[in-house]
Amino acid sequence: MSGSESAVTALPPGCHSPLSEWPWREALPWARFSALRFDTGVLCEADLDGWHLSLPDRLATAAAKRRAEFLAGRLSARHALAELTGSPTTPAQDAERLPRWPAGTVGSITHSRGLAATVVAERAACLGIGLDAEVEMTAERARRLAPQILVASERAWFDGLPGAQQGEFLTVAFSLKESLFKALYPLVHRRFYFPHARVTAWDAEGGTVAIELLETLSPEWRAGARLTGQVAKIGDYLLTLIAISRES
């Protein structure tokens, strides 16, 4: 690895060594994962000269949390792309503030309370990919937020669960709908929200989930379309992944 490549795969102060081990049960040979923990205060105060990192103008005066999340997300993306392509590229932003992935790749970035993570994949094998990380909700918070996140069939499912599982279920539903949006929006270029999809299967032990569209988003993605996903845990974080392979 050249000196310039070493610089862009190193980490500035406030970031901990990235994790690249695939956390979900089903491996995807055409995809790579990277996650890192970060300290908001330290990362925001770090001198970024020499780290090949920069903030968009819109974030120059943003709160420290927003600046740190953006930087940590780009660092995790850089490491994931290095694993996939051998080139530690840092994705820029497009006009919609979405990551501009290098030619031949697709990806998704997430961040949640000091964790940033990315999954990238080969575009030849994958149409779209969505990743989301959340800290598992308490049952009390889940019951408070359920009406905003769940449709009727999900709410009946939620209400029938023991209290100890309600927090996990709502976190999975919330996170999976976020992952669905990230996977589909670049394909349909139409915004959709929590009521426009529903979780239809959840195997907490096996780490598999399924979700169904309740709204037609494009001729290719109509109401009734179903996608499968995966769930994994890293410490206190729950991560959902939806990968739309070209074979499917």
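All residue numbers in this chain count up from 1 along the given sequence. These values consider heavy atoms only, across backbone and side chains, with no hydrogens, waters or symmetry-generated copies.
- Residues Val209 and Thr200 are not in side-chain contact: their nearest non-hydrogen atoms beyond the backbone lie 4.5 Å or more apart.
- Here Ser175 contributes atom OG and Met137 contributes atom CE; the two are 9.0 Å apart, rounded to the nearest 0.5 Å.
- Among residues two or more places apart in sequence or in another chain, the side chain to side chain donor-acceptor pair (under 3.5 Å) test is passed with Glu83 by none.
- Residues satisfying the side chain to side chain donor-acceptor pair (under 3.5 Å) criterion with Glu154, sequence neighbours excluded, are Lys177.
- In this structure, the side chains of Arg37 and Ser17 stay at 4.5 Å or more apart for every pair of heavy atoms.
- Residues in residues 107-131 take part in these side chain to side chain donor-acceptor pair (under 3.5 Å) pairs, two or more places apart or across chains: Ser76-Thr118.
- Using a distance-only test at 3.5 Å, with no hydrogens or angles considered, no donor-acceptor pair links the side chain of Arg155 to the main chain of Leu150.
- Looking at heavy atoms from C-beta onward, Leu176 lies in side-chain contact with Ile242 at the 4.5 angstrom threshold.
- Atom OG1 of Thr89 and atom CZ of Arg100 lie 13.0 Å apart (nearest 0.5 Å).
- Considering only residues two or more places apart in sequence or on other chains, Phe38 meets the ring-ring contact (aromatic ring centres under 6.0 Å, His included) condition with none of them.
- Distance alone, capped at 3.5 Å, places no donor-acceptor pair between the Lys233 side chain and the Leu238 backbone.
- Taking CG from Leu170 and CZ from Arg144, the interatomic distance works out to 10.5 Å, rounded to the nearest 0.5 Å.
- In this structure, Ser218 contributes its side chain and Glu220 its backbone to a donor-acceptor pair below 3.5 Å.
- The side-chain contact (heavy atoms from CB on, under 4.5 Å) search around Ala139 returns Arg143, not counting sequence neighbours.
- No continuous path of ILVMFWY side-chain contacts below 4.5 Å connects Leu180 to Leu214, so the two sit in separate hydrophobic clusters.
- Considering only residues two or more places apart in sequence or on other chains, Thr85 meets the side chain to side chain donor-acceptor pair (under 3.5 Å) condition with none of them.
- With Gln166 contributing its side chain and Phe158 its backbone, the two residues share a donor-acceptor pair below 3.5 Å.
- Taking the side chain to side chain donor-acceptor pair (under 3.5 Å) definition, one finds that Tyr185 meets it with Glu96, sequence neighbours left out.
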Intermediate values then yes/no, salt bridge (charged side-chain N to carboxylate O under 4.0 Å, His left out), Glu69 and Lys65: CA-CA 6 Å; Glu69 287 173 343; Lys65 177 177 180 291; 2.7 Å; yes
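- Atom CD of Glu134 is separated from atom CG of Leu115 by 10.5 Å, given to the nearest 0.5 angstrom.
- For Ala121, the side-chain contact (heavy atoms from CB on, under 4.5 Å) test picks out Trp30, Ala31, Val106, Cys126, Ile129, with sequence neighbours left out.
- Once rounded to the nearest 0.5 Å, the distance linking CG of Leu28 with CZ of Phe33 reads 12.5 Å.
- Ile234 and Val231 fall into different hydrophobic clusters, defined by Ile, Leu, Val, Met, Phe, Trp and Tyr side-chain heavy atoms under 4.5 Å apart, directly or through other members.
- No side-chain donor-acceptor contact under 3.5 Å links Lys182 to the backbone of Gly128.
- Looking at Val120 and Arg32, their side chains come closer than 4.5 Å, going by heavy atoms from C-beta outward.
- A continuous path of hydrophobic side-chain contacts links Leu127 to Ile211 [ILVMFWY only; heavy atoms under 4.5 Å].
- Taking the six-membered ring where the residue is Trp, the centroids of Tyr193 and Phe181 are separated by 6.0 Å or more.
- Applying the side-chain contact (heavy atoms from CB on, under 4.5 Å) test to Arg222 and every residue at least two apart in sequence or in another chain returns Thr216.
- Looking at heavy atoms from C-beta onward, Leu217 lies in side-chain contact with Leu184 at the 4.5 angstrom threshold.
- Screening residues 238-248 for salt bridge (Lys or Arg N to Asp or Glu O under 4.0 Å) gives no qualifying pairs among residues at least two apart or on separate chains.
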Assess the residue pair Val199 and Val172 against the criterion (side chain to side chain contact (heavy atoms under 4.5 Å, CB included)); give the C-alpha distance rounded to whole Å, side-chain angles, the decisive distance to 0.1 Å, and a yes or no. CA-CA 9 Å; Val199 178; Val172 168; 5.5 Å; no
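- For the atom pair Ile244 CD1 and Leu187 CG, the distance stands at 5.5 Å (nearest 0.5 Å).
- Hydrophobic clustering (ILVMFWY, side-chain heavy atoms < 4.5 Å, transitive): Trp22 and Tyr237 are in one cluster.
- Other residues, nucleotides and ligands contribute only 12 or fewer heavy atoms inside 6.0 Å of the CD atom of Glu140.
- Taking hydrophobic clusters as Ile, Leu, Val, Met, Phe, Trp and Tyr residues chained together by side-chain heavy-atom distances below 4.5 Å, Leu75 does not share a cluster with Leu84.
- Not one N or O on the side chain of Trp157 forms a donor-acceptor pair closer than 3.5 Å with the backbone of Ala152.
- A side-chain donor-acceptor contact under 3.5 Å links Asp94 to the backbone of Leu98.
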Working note: His196 + Leu213, criterion side chain to side chain contact (heavy atoms under 4.5 Å, CB included); need CA distance, chi angles, decisive distance, verdict. CA-CA 6 Å; His196 298 150; Leu213 281 177; 5.8 Å; no
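- Partners of Trp202 according to the ring-ring contact (aromatic ring centres under 6.0 Å, His included) rule, which considers only residues two or more places apart in sequence or in another chain, are Phe169.
- When the shell of 6.0 Å around CG of Asp159 is examined, it contains more than 12 heavy atoms from other residues, nucleotides or ligands.
- Listed by first then second residue, pairs satisfying salt bridge (Lys or Arg N to Asp or Glu O under 4.0 Å) with a partner in residues 184-202 read Arg190-Glu215, Arg198-Glu212, not counting sequence neighbours.
- Looking at Thr105, its side chain never comes within 3.5 Å of a backbone N or O of Trp101 through a donor-acceptor pair.
- Gln230 places a side-chain N or O within donor-acceptor distance of the main-chain N or O of Glu26, the cut-off being under 3.5 Å.
- Under the 3.5 Å distance criterion, the side-chain polar atoms of Thr240 are left unmatched by any main-chain donor or acceptor of Ser179.
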